[in-house]
Amino acid sequence: MTPIGIIHTPFTELEGMPIQPAGAIGVKGTVEVFEKFRAGLQDVGGFSHIILLYLFHRSEGFSLKVIPFLDNQLRGLFATRAPKRPNPIGLSVVRLDRIENHVLHILDVDILDGTPLLDIKPYVPEFDCRKDVRTGWFGQAKGKASTLKSDDRFK
């Protein structure tokens, strides 16, 4: 994969970051799209939210069993959103404030500064919002993502 841009945020260290966009309400960031991909930004400004797919560039190695930020029990990696993964790809739904030239100004960002951007997709509720869902063990952690910060467990 080839990064299409770079994400800039106020978070320079992993520890103390929000663990999900719900814990980053109002946090500002920018997405700089590289020149050869800028034509793809046409019409993105019509969306209030976008999905950013990115590389956990400071993540090394992984374990198939982890204790996630929102729990104190060992869980299967694929039942979590832990950053140390076989393919370290992250996903965040962020608010799009505005676009100036090739820079997207975003809000509610929970991403480390300097993160390589792999793709941008529009958030479309008709496609992306499901009803009658099961959330597994996350049900017991409801509401915690807005207040918990990351620690050193996935360093």
Side-chain angles (χ1 to χ4, degrees), residues 1-64 66 68-70 76-136 138 141 144-150 154-155:
M1 284 193 231
T2 302
I4 64 166
I6 189 160
I7 302 167
H8 299 287
T9 75
F11 306 113
T12 58
E13 296 299 325
L14 295 169
E15 291 180 51
M17 286 180 49
I19 60 168
Q20 291 293 320
I25 300 299
V27 175
K28 296 178 182 182
T30 58
V31 177
E32 176 188 352
V33 176
F34 298 148
E35 186 172 351
K36 72 183 207 175
F37 301 105
R38 291 177 186 165
L41 291 175
Q42 181 178 333
D43 304 316
V44 171
F47 294 89
S48 65
H49 291 74
I50 54 175
I51 301 167
L52 300 180
L53 296 167
Y54 48 89
L55 181 66
F56 286 122
H57 66 295
R58 298 221 342 233
S59 179
E60 294 180 12
F62 65 94
S63 176
L64 294 175
V66 299
F69 290 125
L70 293 172
L77 175 66
F78 303 126
T80 76
R81 296 204 171 178
K84 294 186 109 178
R85 314 183 74 79
N87 294 305
I89 297 170
L91 174 149
S92 291
V93 177
V94 297
R95 282 189 291 159
L96 179 60
D97 183 42
R98 68 187 185 283
I99 301 175
E100 293 178 341
N101 298 317
H102 61 281
V103 177
L104 287 69
H105 293 262
I106 58 174
L107 297 164
D108 310 337
V109 62
D110 66 331
I111 304 167
L112 189 65
D113 186 53
T115 294
L117 177 68
L118 298 175
D119 203 359
I120 301 168
K121 296 183 184 295
Y123 176 84
V124 180
E126 182 181 351
F127 306 157
D128 302 318
C129 185
R130 300 286 190 252
K131 295 180 170 103
D132 299 320
V133 300
R134 292 187 321 266
T135 59
F138 279 101
K144 289 183 181 178
S146 62
T147 57
L148 283 179
K149 301 296 183 204
S150 66
F154 298 111
K155 204 168 189 178

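Since the structure is predicted, the reported quantities are computational estimates derived from the model, not experimental observations.
When all heavy atoms of Ser59 and Arg85 are compared, the pair lying nearest together is OG-N, 4.3 Å. Across all their heavy atoms, Lys84 and Phe62 have their closest contact at O-CB, 3.5 Å. Between Gly26 and Leu107, the closest heavy-atom pair is O-CD2, 3.9 Å. Heavy-atom minimum distance, Ala82 versus Val66: CB-CG2, 4.1 Å. For Leu96 against Gly45, the heavy-atom pair with the smallest separation is CD2-CA, 4.1 Å.
Of the inter-residue distances, the one linking Ile106 atom CD1 with Thr30 atom OG1 reads 7.0 Å to the nearest 0.5 angstrom. Taken from CG in Leu112 to OG1 in Thr12, the straight-line distance is 7.5 Å, to the nearest 0.5 Å. Distance check, rounded to the nearest 0.5 Å: CG of Leu53 to CD1 of Ile51 gives 7.0 Å. Separating the CG atom in Leu104 from the CD1 atom in Ile50 is a distance of 5.0 Å, to the nearest 0.5 Å. In this structure, CD1 on Ile120 lies 6.5 Å from CG on Leu52, to the nearest 0.5 angstrom. Annotation: the span from Thr9 atom OG1 to Ile111 atom CD1 amounts to 7.5 Å, rounded to 0.5 Å.
Within the structure, salt bridge (charged side-chain N to carboxylate O under 4.0 Å, His left out) pairs that include any residue of residues 99-108 comprise Arg95-Asp108, Arg98-Glu100 (at least two apart or interchain). The list of ring pair (Phe, Tyr, Trp, His ring centres under 6.0 Å) pairs with a residue in residues 36-55, not counting sequence neighbours, reads Tyr54-Phe56.
At least one side-chain heavy atom of Pro10 sits less than 4.5 Å from a side-chain heavy atom of Val27. No side-chain heavy atom of Lys28 sits under 4.5 Å from any side-chain heavy atom of Asp97.
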Give the table of side-chain donor-acceptor pairs shorter than 3.5 Å for residues 122-132, with sequence neighbours excluded, one pair per line with atom names and distance.
{"from": "Asp128", "atom 1": "OD2", "to": "Val124", "atom 2": "N", "distance (Å)": "2.8"}
{"from": "Arg130", "atom 1": "NH1", "to": "Phe127", "atom 2": "O", "distance (Å)": "2.6"}
{"from": "Arg130", "atom 1": "NH2", "to": "Phe127", "atom 2": "O", "distance (Å)": "3.2"}

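A search for side chain to side chain contact (heavy atoms under 4.5 Å, CB included) contacts involving Ile6 returns His8, Glu32, Phe34, not counting sequence neighbours. Judged as a side-chain hydrogen bond (donor to acceptor under 3.5 Å, both in side chains), and not counting sequence neighbours, the contacts of Lys121 are Asp119.
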